[in-house]
2 protein chains.
Amino acid sequence: MTKAPGHGGQPSPRDGRLSSPAPRVRLVDVAREAGLSKTTVSAALNGTGRLSPEVRERARETARSMGYRPNATARQLRAGRARLIGYVVGELADVPWTFLESPYFARLTGATAATALGRGYAMVLLPAGSLQSEWSALPLDAVIVADPVADDRIVDDLLAARIPVFSDRSVEGRPGAHWVDVDATAAVHRTLDHFLDQGARRPALVVPDSTTRFHREVFAAHHDWCAAHGLPELAVRAAEPGNGPVVRAVETALTGLPERPDALLVVAEASPPLVLDAARRHGYEVPGDLLLACVSEDETALHTEPRVTTLSLRPDAVAEAGIEHLVAVLEHGRVETGGTLVPVRLDVRASSVRPSGHPAPPPQPPCTSSPPT
Amino acid sequence: MTKAPGHGGQPSPRDGRLSSPAPRVRLVDVAREAGLSKTTVSAALNGTGRLSPEVRERARETARSMGYRPNATARQLRAGRARLIGYVVGELADVPWTFLESPYFARLTGATAATALGRGYAMVLLPAGSLQSEWSALPLDAVIVADPVADDRIVDDLLAARIPVFSDRSVEGRPGAHWVDVDATAAVHRTLDHFLDQGARRPALVVPDSTTRFHREVFAAHHDWCAAHGLPELAVRAAEPGNGPVVRAVETALTGLPERPDALLVVAEASPPLVLDAARRHGYEVPGDLLLACVSEDETALHTEPRVTTLSLRPDAVAEAGIEHLVAVLEHGRVETGGTLVPVRLDVRASSVRPSGHPAPPPQPPCTSSPPT
DNA sequence: ATGAAAGCGCTAACAC
DNA sequence: GTGTTAGCGCTTTCAT
């Protein structure tokens, strides 16, 4: 029964028996060996207190030679916090963990973990729709809930447990909850304005039918923009995120709408090459017949022909703003800040630039559905 | 200066002052309120000890009404372990965190976190090439190191800190290190056999030039297979992983080798649609002129025309085997097990099936390089 | 059946 | 300068 310690010293008696798994070196062991007290060694190791340089050095040397490694849990207990934060992505709660397969969330996750670690916080991954039992045993200083869906209990549960929550604007106003969000409205308006600039008059939108704040705001922003510009509201909601459903929604947008669109904004994590292929299969030339822009962090957009215009939701910036905010709240008690809105970035590439010499198409032929392949 | 507690009770005096951040309810508070001792309440809550049903119920009720939540850190200290594991991906140590953008690692990461959580372990994300300082403050029971590169110090550092390491076969034989690996040789041989079955005689390989055990083994397996079958060894090493470099390597394989390949195995996380496009740009019809298979977990392979044959490295199975092994070691002291080899899965789709009526190309025309676009 | 007390390993007041 | 001591909040012998 070899015990693999890894971290903590068992509460079992430290027997000097042979074949034991080498009981872990404790602070007191170092102190005894060096002929000093725990206090002195602790101060020496932490660089605190007023110690003579010789003693400090001796303590350090002894600790090193004995292979001493402080017990993290004991320190945490003493410190009153564990510098540990949880991270959940709400979207796709029915298929937990798939979020990592989305380039946006992959980047958001990586950037959040990186930024947090830079500020001294480790990040544990939690599943969407996570239950109390899955996180209640963890000493979480806070939890980040990315894009919660409307019916996820997790935010309530966390707040009830008095764990600070950092999420999107949907938690605005709730005590203990803080937010950072992407400026979805600006994102949509900006892209549609760009389409308009390029001569498009029938821009269509594809967006997943999710209860995420982001997707709802996107839908609303598109609606408003179309109304404001007196243009037809051409929108298709994908049954769910994922390449299959989104590509199908794209096909619907291209062939099944009352008007044949001359521009397409895909606000869903679909693979840009697949979207491009779908357009071609349905007889659209990009950008000649159709201006294309995708909300995506997928770098494959750079390797297609033509390259695909993308709207980056700036996951790195979101992560940084979030952790910054989190640290401010946790370490300086800042609570008054309303939240942070992160601007998006439109990377215009060939797919959404009307080729010169290619005139804008004639105004609104009622419905020119092209035969599907 | 509002303190956001989240988890631990500060060592500061519990003052009854107003406007304080509501000091956290401790076990002793519940005990006092219920007129019981800490012991009894603890036993009641944990379902241990021999307590009268009434007392147990009373304790529970009091705890609930007071909103008592046990302090996780204190429990961990008592228990001697934190049920926390670290997770690092070695590959791409120069661009830490990008690993999540690879579908394989995204799935491996998600599946590992999910399986671990199912066994009661939370998983913290660590960056490739992580330094001591980034994890030494964490009470890690073990660390999973996925695909370490040859020069990464992390495995040594962890073992020196007596933290059990779970990694790939490259750590075999080192005390405290355990492994689970993908059967890379079988993967390559199986795919090449499949190509051979379909009539290919000049299969080419594209693999990143990394010091990962997996990639080295793939390269060696290909070499051996070609030698054993008396076929030319057509291999191109991509300078690094990532769509750009891999697509360029694919182009080299299609146009710059001594022989024009009639099959292509891409062992790198490139987007299947992009690989397909590259082949077409260079005048190959798939599967007519070129059989194509990609090592990939990317579901876009299902949405191309033709669908792309993929070789799945079974990240879910790897994760499960790894966590199973980890639990066995940590909780039952199993140390004798050598390791686990996870088989791969070849999903044959249209891209690697020679169309009927399409004869195998004539034997070896020396070099028929087609003009690049 | 219930409670008192020890102690997990560490840090920080506070003596000396 | 250095050591003694008192906890952080919890679980668990061991008395009663």
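Quick note on labels: first sequence line is chain A, next is B, and so on, each numbered from 1.
Rounded to whole Å, the distance from CG on B/Asn71 to P on D/dG7 is 17 Å. Atom C1' of nucleotide D/dG9 and atom CG of B/Leu45 are separated by 13 Å, given to the nearest angstrom. What separates CG of B/Leu77 from P of D/dC8 is a distance of 13 Å, to the nearest Å. The distance from atom CZ of A/Arg32 to atom P of D/dG3 is 14 Å, rounded to the nearest whole Å. As a whole-Å value, the separation of B/Arg24 CZ from D/dC8 P is 14 Å.
Annotation: the terminal axes of the helix from C/dA1-D/dT16 to C/dC16-D/dG1 meet at 50°, where each axis is the rotation carrying the C1' atoms of four end pairs onto the next four (5 pairs per end, rounded to 10°).
With B/Asp181 contributing its side chain and B/Arg169 its backbone, the two residues share a donor-acceptor pair below 3.5 Å. Without hydrogens or angle criteria, B/Asp147 side chain to B/Glu91 main chain gives no donor-acceptor distance under 3.5 Å. Not one N or O on the side chain of B/Ser42 forms a donor-acceptor pair closer than 3.5 Å with the backbone of B/Lys38. Without hydrogens or angle criteria, A/Arg58 side chain to A/Pro53 main chain gives no donor-acceptor distance under 3.5 Å. Judged by distance alone, with hydrogens and angles left aside, the side-chain atoms of B/Arg83 form no donor-acceptor pair with the main-chain N or O of A/Ala137 at under 3.5 Å.
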For this session: Start with the C-alpha gap between B/Arg26 and B/Asp29, add the side-chain angles, then the distance that decides, and say whether salt bridge (Lys or Arg N to Asp or Glu O under 4.0 Å) holds.
Result: CA-CA 5 Å; B/Arg26 288 138 36 257; B/Asp29 299 321; 2.8 Å; yes
For this session: Test A/Thr340 against A/His325 for side chain to side chain contact (heavy atoms under 4.5 Å, CB included), laying out the working first.
Result: CA-CA 8 Å; A/Thr340 311; A/His325 198 154; 4.1 Å; yes
For this session: Verify side chain to side chain contact (heavy atoms under 4.5 Å, CB included) between A/Asp168 and A/Val180, making sure each step is shown before the conclusion.
Result: CA-CA 5 Å; A/Asp168 68 14; A/Val180 168; over 6 Å; no
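Using the six-membered ring where Trp is involved, B/His178 and B/Phe166 have ring planes that are parallel, under 30° apart on the 30 and 60° scheme.
At a threshold of 4.0 Å, the pair A/Arg119-A/Glu324 counts as salt-bridged, since one of the basic side-chain nitrogens sits closer than that to a carboxylate oxygen.
Rounding to the nearest 0.5 Å places CG of A/Leu27 at 4.5 Å from OH of A/Tyr68.
Contacts between residues 53-62 of chain A and DNA chain C, defined by a heavy-atom separation under 4.0 Å, are absent.
Residue B/Ser52 has a polar side-chain atom (N or O) positioned under 4.0 Å from OP1 or OP2 of C/dT2.
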Problem set entry | Protein-to-nucleotide contact annotation, 5' to 3' order, nucleotides 11-16 of chain D [B base; S sugar-phosphate only; - none; under 4.0 Å, heavy atom] | BBB---
